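I have placed the structure first, in the form of structure tokens, so that the comments after it can refer back to it.
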Amino acid sequence: MKNNRIMFSLLCLIVITAVFLGGCQPKGKDDSISAAAALKAEPVAASSSPLSPKVIASKTEDGKNYYLIDAGYIKNMLVSTLFDPLHYPGMGVLTLSRTDITERTVAESLTKGVSESVTVSDSESETKSLEAGYRKEFPVGDFSAKISISRTFSDEKSKTIGKSTETSVSKVQSYAKQETLSFELGRGDPAGWYRYVLYAVSDVYFIITTSPDRQILLGWETVVCARDDSYLPHLEYSSTGKFDNSPESGKINFPDDFYKKLDPISAPAASDAEIITTSFSAYVWCENSNVGLATFSVTGIKVKYGGAYYVYGNAYYRGNLGGSRYNDVDQLYLKNSNRKILMGGTLHWWGTVDESAEAGTAVWNKFDGFNKNEACYIPDDTDEDFAANEETSMSFTDICVELVETVPSFSNAPEIVETAFTADIYCESAFRGKLNFSVIGIKAKYNGNYYVMGNAFHTGNPGSSRFNDVAEVHLKNSSRNILFGGTMLWHGSRGDFDESGIAGFNKDGGWDSPNISYMVENPTKDFTGDESTKISITGICVRLGATDADAAAVPEIATSSFTASLYCESSFSGSANFSVIGIKVKYGTTDYIYGNAFFSDVPGGKRFNDVSRFSLRNTGKLILLGGTLHWYGSYNDTEESAVVGFVKGGGSPSAETVYIAENATRDFAAEERYQISITGILVQA
């Protein structure tokens with residue numbers, strides 16, 4: 001057998017691999033593979049100035065600054081040992097042991113290599129390894145290189161780097177998942193240590209997290225990403241058993257406080273909030289009776305809260321639940337939902353549409369469920385029935401449901417925040433008490449100020465006397481301006497429907513002011529200020545305080561308008577020009593506004609009695625979601641005020657939207673002045 005030749009049983013595999021990798025086969029006599037000394041790492045900095053690192057991307061989120069920095073690249077970076085080193089005594093046959101290669105072992109090799117190739121210097125010009133600099137900032141931290149760009153920056157940001165963004169462990173493993181290699185050394189082969197390793201050209205990144213003023217380092221990740229086309233297998237020899245891959249000179253150096261000199265991150269641009277669709281299932285309960293399982297489709301704005309995604313918008317179900325009829329519904333629940341419900345919004349249900357007793361409206365009671373897999377709703381009238389044994393429809397306005405995604409990305413998702421405000425409540429001109437409202441909703445901007453659009457809640461004893469036959473409700477002297485008021489429901493003694501009422505925001509009564517007004521659907525309802533009263537407001541938009549922190553993606557509140565023909569059943573009942581205000585969102589490539597719409601004028605048509613279906617037609621603009629609509633004519637006539645819920649159409653935008661009345665005995669008198677308000681509408685901008 002020839003001397004100086006290492007005889008591998010799988011020699012052909014290694015030769016083919018070496019050719020495939022660009023002709024990087026180690027030189028050897030008679031096509032043999034000869035051992036050589038370990039290669040030396042060659043670091044190259046991305047920036048010529050240590051004080052001006054190359055920042056690829058930056059963002060502000062959750063009160064922190066995040067920077068993605070290109071530190072440079074390292075040629076001849078040791079990615080992994082393919083076969084464990086072993087000693088050859090100068091004679092005999094040796095068998096190399098395959099190394100167990102995992103993400104951990106690859107990360108350990110990269111951690112050692114980058115720590116030797118990248119250094120930091122303090123104010124006294126003392127140079128330390130990257131690992132030593134890290135431990136100075138985080139004494140109890142574990143310095144370890146990551147092998148892919150962190151999710152802190154989205155895939156879209158990573159693609160703009162133009163270089164490698166991960167180390168492929170599977171590619172490294174492919175070199176080691178072969179049969180055991182054996183070789184025989186003859187006369188003249190030196191005794192010593194041999195190993196088989198894999199090198200690559202690797203890009204190095206820092207992900208730095210700082211305080212908003214950049215003076216405090218809150219986090220520091222080092223990411224090492226091997227370039228796919230640069231892998232180089234190498235058989236190595238050492239007489240002492242020490243294989244040194246450290247660079248001979250020219251290390252990449254950073255000042256240890258370089259993060260303090262990073263450029264400040266400009267205020268985040270307004271987010272193009274995204275409209276998406278999901279679904280969830282829940283059991284529908286009336287008091288203690290389970291009436292069946294329903295699967296709801298949900299369309300709305302993608303938002304984030306507490307590290308999870310949600311969809312804020314409208315939900316819809318239509319079908320036969322298969323249960324029995326339930327009379328005089330006092331409470332209605334969604335239970336054992338497969339998604340958490342952060343906000344419940346306004347619920348409408350209707351069975352046989354021509355029978356008003358099988359249709360109802362209820363508003364979420366925050367205090368019986370919050371971000372749980374259930375939600376409780378209180379009807380505005382407790383003599384309404386739920387017929388689960390026939391075709392039933394349910395729609396929700398301003399519901400917020402958990403969204404499950406495999407790979408989360410928070411880059412453009414608006415944030416759900418919480419705040420509070422106090423206000424005096426009046427029935428007509430009579431003071432009924434001072435209330436404290438909690439508010440949860442989407443953070444947005446309007447005219448340079450921050451607002452929260454969502455749901456507001458109060459529970460407690462206002463401390464005043466009962467007020468009978470409420471026609472108007474006012475919130476006055478609020479501690480926060482209210483941009484638009486949405487839909488209000490109050491309920492006192494739950495068994496007495498005369499102490500529950502629903503009212504729609506009257507735009508003419510207030511606009512971004514501390515005083516707003518609501519018009520009651522049925523002015524025979526009472527307000528009891530001398531007992532515990534719950535008040536829920538869906539679709540309210542309240543100004544945030546000046547000290548509230550900025551968010552990473554804050555959508556704009558925008559205004560628009562549209563004109564629609566009003567139809568009762570199939571009869572034209574007048575024309576209305578609606579003003580619209582709400583959060584600007586994207587659906588496909590088209591801009592929409594999700595929020596509130598208003599009309600106040602004389603439609604100019606004729607009176608229509610006992611409205612069961614109400615439609616907006618020929619709008620000239622597409623409407624994706626219809627929300628909850630109120631109309632009120634002569635305020636003292638209960639027959640000319642109504643609340644109606646949106647009927648989901650074919651699932652795509654249309655120039656027409658249909659609503660089903662809660663009470664089909666209500667009239668629409670188009671020959672007199674009307675107020676029409678819509679909460680939770682999604683209309684083309």
Side-chain angles (χ1 to χ4, degrees), residues 14 17-18 20-22 24-27 33-45 71-87 96-119 129-132 134 142-148 163-178 181 192-206 221-252:
I14 298 176
T17 301
F20 175 75
L21 292 171
C24 297
Q25 176 185 347
K27 296 178 181 180
I33 300 177
S34 298
L39 299 179
K40 286 293 185 179
E42 300 177 20
V44 179
Y73 68 89
I74 302 172
K75 185 179 178 181
N76 297 335
M77 166 73 83
L78 179 59
V79 176
S80 179
T81 299
L82 297 181
F83 295 92
D84 287 330
L86 55 118
H87 184 260
L96 287 170
S97 301
R98 186 170 61 245
T99 301
D100 184 15
I101 296 174
T102 65
E103 286 193 5
R104 181 185 61 81
T105 59
V106 171
E108 287 176 351
S109 295
L110 297 176
T111 298
K112 183 175 185 296
V114 74
S115 184
E116 293 174 341
S117 299
V118 183
T119 59
S129 69
L130 182 61
E131 181 176 4
Y134 177 93
D142 177 27
F143 178 77
S144 178
K146 305 293 190 298
I147 60 175
S148 64
K163 297 191 296 182
S164 55
T165 58
E166 68 173 344
T167 300
S168 176
V169 176
S170 62
K171 183 164 290 189
V172 178
Q173 290 171 334
S174 70
Y175 287 93
K177 290 182 178 179
Q178 313 297 335
L181 300 175
W193 293 83
Y194 293 83
R195 71 173 184 176
Y196 195 56
V197 297
L198 189 67
Y199 291 101
V201 177
S202 297
D203 296 296
V204 181
Y205 307 99
F206 294 156
E221 292 183 8
T222 301
V223 185
V224 184
C225 301
R227 298 181 186 178
D228 285 343
D229 59 352
S230 69
Y231 285 110
L232 173 64
H234 198 251
L235 182 63
E236 297 183 340
Y237 166 79
S238 169
S239 61
T240 63
K242 295 181 179 179
F243 296 90
D244 186 8
N245 176 237
S246 63
E248 293 180 336
S249 62
K251 296 182 180 182
I252 301 172

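Quick caveat, the model's predicted, so the values are computed rather than measured.
Atom NE2 of His234 sits about 10.5 Å away from atom CG of Asn245, to the nearest 0.5 Å. Atom OG1 of Thr111 and atom NZ of Lys146 lie 8.5 Å apart (nearest 0.5 Å). The CZ atom of Arg227 sits 11.5 Å away from the CE atom of Met77 when rounded to the nearest 0.5 Å. Remark: Phe206 CZ to Glu221 CD distance equals 12.0 Å, nearest 0.5 Å. Interatomic distance, OH of Tyr194 versus NE2 of His87, reported as 9.0 Å (0.5 Å rounding). Taking CG of Asn76 as the reference point, atom CG of Leu232 lies at 7.0 Å (rounded to 0.5 Å).
For the residue pair Ala226 and Ser164, the shortest heavy atom distance occurs at O-CB, 3.7 Å. Residues Tyr196 and Pro233 come closest through the heavy atom pair OH-CB, 3.4 Å. Across all non-hydrogen atoms, the minimal contact from Leu39 to Glu236 is N-OE2, 3.5 Å. Closest approach of Lys163 to Gly72, counting heavy atoms only: NZ-O, 4.4 Å. In this structure, Ser148 and Cys225 approach most closely via the heavy-atom pair CA-SG, 4.4 Å. Heavy atoms only, all atoms of each residue included: Asp203 and Tyr205 are closest at CB-OH, 3.7 Å.
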Is there a side-chain contact (heavy atoms from CB on, under 4.5 Å) between Lys75 and Val44 once you walk through the steps? CA-CA 8 Å; Lys75 185 179 178 181; Val44 179; over 6 Å; no
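Annotation: ring-ring contact (aromatic ring centres under 6.0 Å, His included) contacts of Tyr134 (sequence neighbours excluded): Phe138, Phe143, Trp220. Annotation: side-chain contact (heavy atoms from CB on, under 4.5 Å) contacts of Asp100 (sequence neighbours excluded): Thr102. Taking the side-chain contact (heavy atoms from CB on, under 4.5 Å) definition, one finds that Ser249 meets it with nothing, sequence neighbours left out. The side-chain contact (heavy atoms from CB on, under 4.5 Å) test applied to Lys112 returns Glu116, not counting sequence neighbours. Residues passing the ring-ring contact (aromatic ring centres under 6.0 Å, His included) test with Tyr73, sequence neighbours excluded: none. Ser238 meets the side chain to side chain donor-acceptor pair (under 3.5 Å) test with Thr240; sequence neighbours excluded. Partners of Ser80 by side-chain contact (heavy atoms from CB on, under 4.5 Å), not counting sequence neighbours, listed by chain and number: Ile101, Val106, Val172. Partners of Ser246 according to the side chain to side chain donor-acceptor pair (under 3.5 Å) rule, which considers only residues two or more places apart in sequence or in another chain, are Asp244. Scored by the salt bridge (Lys or Arg N to Asp or Glu O under 4.0 Å) test, Glu108 finds Arg104 as partners (sequence neighbours excluded). Residues satisfying the side chain to side chain donor-acceptor pair (under 3.5 Å) test with Thr222, not counting sequence neighbours, are none. Partners of Thr81 under the side chain to side chain donor-acceptor pair (under 3.5 Å) rule, at least two apart in sequence or in another chain, do not exist in this structure.
Side-chain contact between Phe243 and Leu78: absent, with no pair of heavy atoms (C-beta onward) separated by less than 4.5 Å. Put simply, the side chain of Ile147 reaches to within 4.5 Å of the side chain of Glu103, judged on heavy atoms.
Of the possible donor and acceptor atoms, one in the side chain of Thr167 sits under 3.5 Å from a partner among the backbone N and O of Val224.
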